[in-house]
Amino acid sequence: MAKQIQSIRGMHDILPDESGQWFWLESRARLILERYGYREIRTPIVEKTELFKRSIGEVTDIVEKEMYTFEDRNGDSLSLRPEGTASCVRAGIQHGLFHNQQQRLWYQGPMFRHERPQKGRYRQFQQIGVETFGFAGPEIEAELIALSKRLWDELGIDDVTLELNTLGTPESRRAYREVLVAFYEANRDQLDEDSLRRLDGNPLRILDSKNPQMQALNEGAPSLHDHLDDESKAHFEMLCRLLDDIGIDYRLNLRLVRGLDYYSHTVFEWTTTSLGAQGTVCAGGRYDGLVTQLGGRPTPAAGFAMGVERLLELIRVRQGEQGAYRPDAYLLLAGEAAQQAGFALAERLRGDLPALKLQVNIGGGSFKAQMKRADKSGADVALIVGDDELAAGHVTVKPLRDRDAAQQTVPYDSVRAILEARGETRDD
RNA sequence: GUGGGUGUAGCUCAGGUGGUAGAGCCCUGGAUUGUGAUUCCAGUGGUCGUGGGUUCAAGUCCCAUCACCCACCCCA
């Protein structure tokens, strides 16, 4: 036997048993997004590396050590996208979507990050992202949060908490950053290894350290909220009021600073405690500066992304299977003549009953074996055609799921009525 | 990138201190010449993750490597 080839580390197959759940979640998300007026955008999964360097930030972990970067045949540096916002903004600028316009967009697809795989963290993972452009007020952030909340309700997810914070305007954030760095420099001897590393790159992240000693030090650190300008405060207060109005609870988390460079004002995160260390299920915020950073005209922007694998994991924990595929009917073919004629019969049925999901037995097998397959397929009814039925132009319809219902042998033309009465031909 | 754990049949897992591999489920057939989901019987299926090494002998011990899981880091 030849040597087996395995899938790439951290990149997983979604097998038929799970794909139904994916489809179920995706359709629900799409429906809700459409209810809020969002339209889908699809962008390539490969972009110029430069795009991610300029948007995510050159000194972030994502860009520095997690991107799948390679040279194209003509020498360009390309990267598999590690997230969706950059592409979305790039496409919007390129096609003039932001030219004095408001846009509510969403996308869905695989993202790639070369991290050490873990529960809820994979090298290829699926995100559903939502991005809005041209909305400067806090109403849009409230809408984004309301939309995500509605999705949790729809999916039956109830153990997530909304964490909320503001970084203020870029100016106030920058000013605060200086104050904070000065504070940590003064206490340099107390910083752990990670924090020393962050001090240069992303000092705000030190606030979010899990190290108890750091947390103790952070108690005394200057607070971002003391350094917010009036505009930043007003924006945030308005958002909180809007959320209060629709009864969405949130927890103010001053340590929530987000890892990506481009955020300003609102940042939020939906977290759960039932997924181990990877507790963030959905995160986003406002990123007004990004469009100009990528060469567009000043355009207010806000959005979020959710990790589909993490959401599915949550749903799996809370409910059973959702959206598993099962045919409506399974066609048994008993006897040689029926086996041959049955193939054409199945096609005829599919032509006459377009909404019927019909699986036909292929590969023969004893009657018993075919019945077993019919049962295992999950079909609601078995359609039986043996040599007897074939000769008479009949089909036997046998309900498989309810004990009381009797099977009946009827002319082909009556099959439709029976299946329709049973609801097998409904679209679902 | 760092630390810890685990890899035995398609799946879930047994296999004290080395002696040449087992169960349940699944699948196939039969008990029931055309009636499944319950029962009973039988059968198929393994280079024990991979590659080296120690040994008369390795699933078991040693080394390397790959993958998965968990935590750190990072993030959705």
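Values in this document were obtained by computation on a predicted structure and should not be read as measured data. Order of the sequence lines sets the chain letters (A, B, ...), proteins ahead of strands, with each chain counted from 1.
Residue A:K368 has its side chain nearest to B:rA31 when only B:rG4, B:rA31, B:rG29 are considered. Comparing B:rG36, B:rC68, B:rG1 by their nearest atom to the side chain of A:R116 picks out B:rG1. In the set B:rC68, B:rC72, B:rA76, the nucleotide with an atom closest to the side chain of A:P117 is B:rC68. When distances run from any side-chain atom of A:S366 to the nucleotides B:rC73, B:rA71, B:rG29, the shortest one goes to B:rG29. Picking from B:rC72, B:rC74, B:rG36 the nucleotide with the shortest atom distance to the side chain of A:D61 gives B:rC74. When the nucleotides B:rC72, B:rA76, B:rG29 are ranked by their closest atom to the side chain of A:Q118, B:rC72 comes out on top. Minimum atom distance to the side chain of A:E389 is reached by B:rG34, of the listed B:rA76, B:rG34, B:rC74. Taking only side-chain atoms of A:K119, from C-beta outward, the nucleotide of B:rG34, B:rC69, B:rC74 with the closest atom is B:rC69. Ranking B:rC73, B:rA67, B:rG36 by closeness to the A:R9 side chain, first place goes to B:rA67. Nearest to the side chain of A:K376, among B:rA76, B:rC26, B:rG34, sits B:rC26.
Distance, A:N211 CG to B:rA71 C1': 14 Å, rounded to whole Å. Computed from coordinates, the A:I8 CD1 to B:rC68 P distance equals 10 Å when rounded to whole Å. In this entry the distance linking OH of A:Y287 with P of B:rA76 reads 13 Å, nearest Å. In this structure, A:H114 atom NE2 and B:rC74 atom C1' are separated by 13 Å, rounded to whole Å. To the nearest angstrom, C1' of B:rU35 lies 12 Å from NZ of A:K372. Nucleotide B:rU35 holds its P atom 16 Å from the CG atom of A:N361, rounded to whole Å. Spacing between atom CZ of A:F367 and atom P of B:rA37 amounts to 13 Å, rounded to whole angstrom units. Straight-line distance from the CZ atom of A:R121 to the C1' atom of B:rC72: 9 Å, rounded to whole Å.
A donor-acceptor contact under 3.5 Å links the side chain of A:Q407 to the base of B:rU35. Taking only distance into account, the side chain of A:E66 never meets the base of B:rG1 through a donor-acceptor pair shorter than 3.5 Å. Side-chain atoms of A:K398 come within donor-acceptor range of the base of B:rU35, with a qualifying N/O pair under 3.5 Å. Side-chain to base pairing of A:R310 with B:rC75: one donor and one acceptor N or O lie within less than 3.5 Å of each other.
On the P atoms, B:rC48 is 11 Å away from B:rA21, given to the nearest whole Å. Separation of the C1' atoms belonging to B:rU60 and B:rG22 is 15 Å when rounded to the nearest angstrom. A gap of 15 Å separates the C1' atoms of B:rG24 and B:rU8, to the nearest Å.
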Go through A:L25 and A:V308 one step at a time and tell me if the side chain to side chain contact (heavy atoms under 4.5 Å, CB included) criterion holds.
CA-CA 8 Å; A:L25 187 149; A:V308 179; 4.2 Å; yes

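Note on A:A382: nothing from the nucleic acid sits closer than 4.0 angstrom, heavy atoms only. At a threshold of 4.0 angstrom between heavy atoms, the contacts of A:A374 with the nucleic acid are absent. Residue contacts for A:E269: at a heavy-atom cut-off of 4.0 Å it reaches no nucleic acid atom on any strand shown. In this structure, A:E64 reaches neither bases nor backbone, as no heavy-atom distance under 4.0 Å exists between it and the strands shown. Residue-level contact check: A:A334 touches neither bases nor backbone, having no heavy atom under 4.0 Å from any strand. Counting non-hydrogen atoms under 4.0 angstrom, A:L311 reaches nothing in the nucleic acid. Among the atoms of the strands shown, only primed sugar atoms or phosphate atoms (P, OP1, OP2) are found under 4.0 Å from some heavy atom of A:G10. Residue contacts for A:Y122: at a heavy-atom cut-off of 4.0 Å it reaches a base atom on one of the strands shown. A:G335 comes within 4.0 angstrom of nothing in the nucleic acid, heavy atoms only.
Judged by a 6.0 Å distance limit and a 45° cone about the ring axis, A:R348 is positioned over the six-membered ring of A:Y412.
Both A:M11 and A:S209 lie close to RNA chain B; mapped to their nearest nucleotides by heavy-atom distance, the more 5′-ward contact belongs to A:M11. Comparing A:G276 and A:E309 by the nucleotide of RNA chain B that holds the closest heavy atom to each, the one mapping nearer the 5' end is A:G276.
Ring pair A:H114/A:Y68 is tilted by interplanar angle, where 30° to 60° counts as tilted. Taking the six-membered ring where tryptophan is involved, the planes of A:F133 and A:Y287 are perpendicular, since the angle between them exceeds 60° and thus also 30°.
Between A:D153 and A:R150 no salt bridge is recorded (no basic side-chain N to carboxylate O distance below 4.0 Å). Taking a cutoff of 4.0 Å between a charged side-chain nitrogen and a carboxylate oxygen, A:E143 and A:R104 qualify as a salt bridge.
Paired with A:T396 under the rule side chain to side chain donor-acceptor pair (under 3.5 Å), one option of A:Q407, A:Q408, A:E389 passes, and it is A:E389.
With sequence neighbours excluded, no residue satisfies ring pair (Phe, Tyr, Trp, His ring centres under 6.0 Å) with A:Y38.
Pair assignment for B:rC13 gives B:rG22, based on Watson-Crick or G-U wobble hydrogen-bonding distances that are each under 3.5 Å.
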